[in-house]
**Student:** 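Take this structure, written in structure tokens, and hold onto it; I'll ask about it next.
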Amino acid sequence: MDPKLEAAQRALTAQVLGRPGVTGTAIGEEGGKPCLKVYLSDEAAAKGLPGSVAGFKVVPEIAGPFRRL
């Protein structure tokens, strides 16, 4: 895995985790290129997310709420 991509995910996680509606982050792919995913409980939570971190596109994804088992 690309160390720059992993560092970007850590930076993004520190920046967004804890915001209302943000349930997690991940490294993903969009259009054949690596990207950073932000999992959200609803569309309103996407407001204020960065468009990119360290040159990697940030892609919001509505995953709904996560439930503890």
Side-chain angles (χ1 to χ4, degrees):
M1 179 84 44
D2 181 345
K4 290 180 185 178
L5 182 58
E6 290 177 328
Q9 184 198 10
R10 285 191 300 274
L12 175 65
T13 301
Q15 185 178 353
V16 302
L17 206 59
R19 289 185 186 185
V22 174
T23 56
T25 69
I27 293 172
E29 187 178 295
E30 183 177 77
K33 295 183 179 184
C35 70
L36 300 169
K37 299 238 179 178
V38 179
Y39 295 110
L40 308 168
S41 61
D42 56 66
E43 193 173 313
K47 185 176 181 175
L49 291 178
S52 66
V53 173
F56 296 100
K57 183 176 179 180
V58 173
V59 179
E61 188 169 310
I62 309 303
F66 287 99
R67 294 186 184 95
R68 189 178 190 152
L69 296 178

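Keep in mind the model is a prediction, meaning the values are calculated, not measured.
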**Student:** How many angstroms lie between atom CD1 of Ile27 and atom CG of Asp2, to the nearest 0.5 angstrom?
**Tutor:**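 The CG atom of Asp2 is 8.5 Å from CD1 of Ile27, to the nearest 0.5 Å.
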**Student:** Nearest heavy-atom pair of Val16 and Thr25: which atoms, and what distance?
**Tutor:**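 So the two residues come closest at CG2-CG2, 3.9 Å.
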**Student:** Output the distance between atom CG (Leu36) and atom CG (Leu5), rounded to the nearest 0.5 Å.
**Tutor:**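 One gets 5.5 Å once the value is rounded to the nearest 0.5 Å.
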**Student:** Measuring from Glu61:CD to Leu40:CG, what's the distance to the nearest 0.5 Å?
**Tutor:**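 Here the interatomic distance stands at 9.0 Å.
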**Student:** Ignoring hydrogens, what is the shortest heavy-atom contact between Ala54 and Ala8? Give both atom names and the distance.
**Tutor:**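 Ala54 and Ala8 have their closest heavy atoms at CB-CB, 4.0 Å.
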**Student:** May I ask whether Val59 and Tyr39 are part of the same hydrophobic cluster, defined by side-chain heavy atoms of I, L, V, M, F, W, Y residues being less than 4.5 angstrom apart, directly or through others?
**Tutor:**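 They do not share one cluster, since no chain of ILVMFWY contacts under 4.5 Å joins Val59 to Tyr39.
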**Student:** Any pair with a residue in residues 5-34 that passes salt bridge (Lys or Arg N to Asp or Glu O under 4.0 Å), sequence neighbours left out, goes on the list, sorted by first then second residue, please.
**Tutor:**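 For residues 5-34, and leaving out neighbouring residues, the salt bridge (Lys or Arg N to Asp or Glu O under 4.0 Å) pairs sorted by first residue read Glu30-Lys57.
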**Student:** To check you understand the geometry: which heavy-atom pair defines the closest contact between Val22 and Ala45, and what is its length?
**Tutor:**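 In this case the closest contact between Val22 and Ala45 is N-CB, 4.4 Å.
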**Student:** Please name the pair of heavy atoms, one in Pro50 and one in Val53, separated by the smallest distance, quoted to 0.1 Å.
**Tutor:**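 For Pro50 versus Val53, the nearest heavy atoms are CG-CG2, 4.0 Å.
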**Student:** Taking salt bridge (charged side-chain N to carboxylate O under 4.0 Å, His left out) as the test, write out the residues that go with Lys4, two or more places apart.
**Tutor:**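 Partners of Lys4 under the salt bridge (charged side-chain N to carboxylate O under 4.0 Å, His left out) test: none.
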**Student:** Please report the closest heavy-atom contact between Pro60 and Leu49, naming both atoms and the distance.
**Tutor:**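 So the minimum-distance heavy-atom pair works out to CB-CD1, 4.0 Å.
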